[in-house]
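Pasting a structure below so you can have a look.
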2 protein chains.
Amino acid sequence: MHANVKQNVIPLITPGLKVACSQCNLRELCLPFGLSEVDMGRLDKLIGGGRKLKRGHFLYRAGDPFESIFAVRSGFFKTDVLTEDGRDQVTGFQMAGEILGMDGISTETHTCNAVALEDSEVCLIPFTELEMLSSEIHSLQHHLHKVMSREIVRDHGVMMLLGTMRAEERLAAFLLNLSQRFSARGYSPAEFHLRMTREEIGSYLGLKLETVSRAFSRFQDEGLISVQQKHIRIVDIPRLKTLLTPPDGRIG
Amino acid sequence: MHANVKQNVIPLITPGLKVACSQCNLRELCLPFGLSEVDMGRLDKLIGGGRKLKRGHFLYRAGDPFESIFAVRSGFFKTDVLTEDGRDQVTGFQMAGEILGMDGISTETHTCNAVALEDSEVCLIPFTELEMLSSEIHSLQHHLHKVMSREIVRDHGVMMLLGTMRAEERLAAFLLNLSQRFSARGYSPAEFHLRMTREEIGSYLGLKLETVSRAFSRFQDEGLISVQQKHIRIVDIPRLKTLLTPPDGRIG
DNA sequence: GGACCTCGTTGACATTTATCAACACAAATC
DNA sequence: GATTTGTGTTGATAAATGTCAACGAGGTCC
């Protein structure tokens, strides 16, 4: 019943997978943002190659020693934290251009699991080398700080969601967030495939899977979206957005 | 009814407040952790002085341009995020040695408010200068990354709390977290003064103030703690900890 | 020293979400 | 093609938390 049913071996670096930031169409979303051609070449040399992961495989697990951060080249990941007493919280879903693994810097050990939700590719960025290079390239250093800060801000958004929103508001916010991120990557903002189960959505949103399912059905009944298993089509984005704004505005 | 009733002017740098990391008894908790004497002296020169804040005053507000991060020298802060539609989420409470303001790096604008919950003092650390110095001092750079990463890990803990815990578990986790942090600063882990209201605790924990109040009363009835308004004495720390571990362990 | 305030507590009741259970659907496997 | 397994949906009911309201305690301002 738990996610760790598929305890696959962590695959080694895929030798054939050549990566180069300068050739990558994600460079405007990813770590090399704002670098000159020359500096991007220096970053290329540092990137420890790519790694392919089959669906269900772990990129890293809580407890693994921290050595690298990862940039998602393609595919889809989830990160989750498990406690000894069996609580399980999905802390995020990551797609192309997003950075994984920064939780590990503080203790030199990963504190969460990262699992591929579909066949995926990542770039491996050795962190010590990245720090060395970033002390020479100011814009790289600054952008790394921005990426970490962005993660903090994103986390605050999740706290807001978990702390103040009701079930349907959470799901609306979740769908709109996915929509916006797909859109930023050139995909349809209105129609997409969910890579995660209702249970994983529920864990992320602090809800049980039944509540997630009911909220989907309700949205469909009201003509906001069309759901067929994992295929989602958002019929009325503006009206979905209004679900996030309580009618009275709650001002005062 | 809202926190921004006290909209005080942001005070300027307090000229008389001399700060020096090398003299500070918080240096093992704070940014200069692990620096040599010489390097600490260089960090001292960078610190833009101290700032005193009266209770209720804002250290910064959402929308303010980002220029510095802040280290709490003394006192107690809360940070919160407000949305246009009136939602208000407390994202953290900060005490001596903790760093504030890293949310602002990503957009060059602060994304939350930081308010002093009692008369407080902070060190102002201009961020551009900090980046310049950290590219020269590797251990400073690395420690900055650790501090940011620690914030990400802390945020994950809050997500876990908000996503998986029930009201009493949240409050127990909150009290134990405060206890541990006071303890790390040489104060009693068992007896302390809450600087925040029930409403602020509730906002942080995703609960209404009445629920927080009832949970306090219940803990007192069960002999776990003793509450008198904001004064808390934890009578039975081990038993409070067991509240966080569901009896069956939820394994499997 | 009294008259506000804000803050905290408690009770009765409403609402939301979880729990338990049954069943439907789809993909993967034999 | 049938079977299994994971996944998703829906209903009935229970449990947790929120809402509304009253009141009490402490601090602050005249």
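Sequence lines set the chain letters: A, B, ... in the order given, protein chains first and strands last, and positions in each chain run from 1.
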Item checked: Of the listed nucleotides C/dT9, D/dG18, D/dT9, the one nearest the side chain of B/Val227 -> C/dT9

Checklist line | Electrostatic pair A/Arg181:A/Glu98 at N-O distance under 4.0 angstrom | finding: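 Between A/Glu98 and A/Arg181 there is a salt bridge, with a charged N closer than 4.0 Å to a carboxylate O.
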
Check: Any donor-acceptor pair under 3.5 Å between the side chain of A/Gln228 and the base of C/dC25?
Finding: no

Next item on the list: Would you kindly give the CZ-to-C1' distance between A/Arg195 and C/dA27, to the nearest whole Å?
Entry: 17 Å

Item checked: Nearest-angstrom distance from the residue atom NE2 of A/His231 to C1' of C/dA27 -> 18 Å

Checklist line | For atom CD of B/Glu199 and atom C1' of C/dT6, their distance in whole Å | finding: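 Atom-to-atom, B/Glu199 to C/dT6, this comes out as 11 Å.
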
Next item on the list: Looking at every strand, decide which applies to B/Gly206 at a 4.0 Å heavy-atom threshold: base, sugar-phosphate, or nothing.
Entry: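 Sugar-phosphate contact only.
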
Check: Nearest to the side chain of B/Thr211 - C/dT19, C/dC7, D/dG18?
Finding: D/dG18

Check: Mind checking whether B/Tyr204 and B/Phe93 have ring centres under 6.0 Å apart?
Finding: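 Distance test on ring centres: under 6.0 Å, yes.
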
Checklist line | Euclidean distance, atom CZ of residue B/Phe219 to atom C1' of C/dT9 [Å, nearest integer] | finding: 16 Å

Note to self: What I want to find out is whether B/Arg218 reaches B/Glu222 closely enough, with some N-O distance under 4.0 Å, to be called a salt bridge.
What the structure shows: yes

Next item on the list: Go through C/dT10, D/dT9, D/dT7 for me and flag the one nearest to the A/Ser213 side chain.
Entry: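 The nucleotide sitting nearest to the side chain is D/dT9.
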
Notebook entry, point to check: Quick one: is the NZ or CZ of A/Arg198 closer than 6.0 Å to the six-membered ring centre of A/Phe216, and within 45° of its axis?
Noted result: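 Flagged: A/Arg198 positioned over aromatic ring of A/Phe216.
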
Check: Looking at the side chain of B/Lys230, which of D/dT7, C/dC7, D/dT9 is the nearest nucleotide?
Finding: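 Selected nucleotide: C/dC7.
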
Checklist line | A/Arg198 side chain, from C-beta outward: closest of D/dG8, C/dT9, C/dT16 | finding: D/dG8

Check: Atom CZ of A/Phe216 and atom P of D/dT10: how far apart are they, to the nearest Å?
Finding: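 Taking CZ of A/Phe216 and P of D/dT10, I get 12 Å after rounding.
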
Next item on the list: Write down the distance between CG (B/Asp221) and P (C/dT10), rounded to a whole number of angstrom.
Entry: 7 Å

Next item on the list: Could you say whether B/Val212 or A/Glu168 is positioned toward the 5' end of DNA chain C, judged by the nucleotide with the nearest heavy atom to each?
Entry: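 Per heavy-atom nearest nucleotide, the more 5' residue is B/Val212.
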
Next item on the list: Could you tell me which non-hydrogen atom of A/Leu175 sits nearest to which non-hydrogen atom of A/Ile234, and how far apart they are?
Entry: O-CD1, 4.2 Å

Margin query: Check this for me: does the side-chain of B/Glu200 come within 3.5 Å of the base of C/dC7 through a donor and an acceptor?
Written below: no

Notebook entry, point to check: Which nucleotide in the list D/dT19, D/dT7, C/dT17 gets nearest to the side chain of B/Glu210?
Noted result: D/dT19

Margin query: Closest approach to the side chain of A/Leu207, judged atom by atom: which nucleotide of C/dT17, D/dG8, D/dT10 is it?
Written below: C/dT17

Note to self: Which residue is it: B/His193, B/Arg195, B/Lys54? I am looking for the one with a side-chain hydrogen bond (donor to acceptor under 3.5 Å, both in side chains) to B/Glu118.
What the structure shows: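 Result: among B/His193, B/Arg195, B/Lys54, B/Arg195 is the only option passing the side-chain hydrogen bond (donor to acceptor under 3.5 Å, both in side chains) with B/Glu118.
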
Margin query: Rounded to whole Å, how long is the line connecting atom CG of B/Leu209 with atom C1' of D/dA22?
Written below: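 It works out to 14 Å between those atoms.
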
Margin query: So, does B/Thr197 get its side chain near the phosphate of C/dT6, meaning an N or O under 4.0 Å from OP1 or OP2?
Written below: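 The answer is no; no side-chain N or O of B/Thr197 sits under 4.0 Å from OP1 or OP2.
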
Check: What about B/Arg214, does its side chain sit under 3.5 Å from the base of D/dG18 through a donor-acceptor pair?
Finding: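 For B/Arg214, whose side chain was compared with the base of D/dG18, there is no donor-acceptor pair (under 3.5 Å).
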
Check: How close or far is atom P of C/dT9 from atom CG of B/Leu171, stated in whole angstroms?
Finding: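 In whole Å, C/dT9 P lies 11 Å from B/Leu171 CG.
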
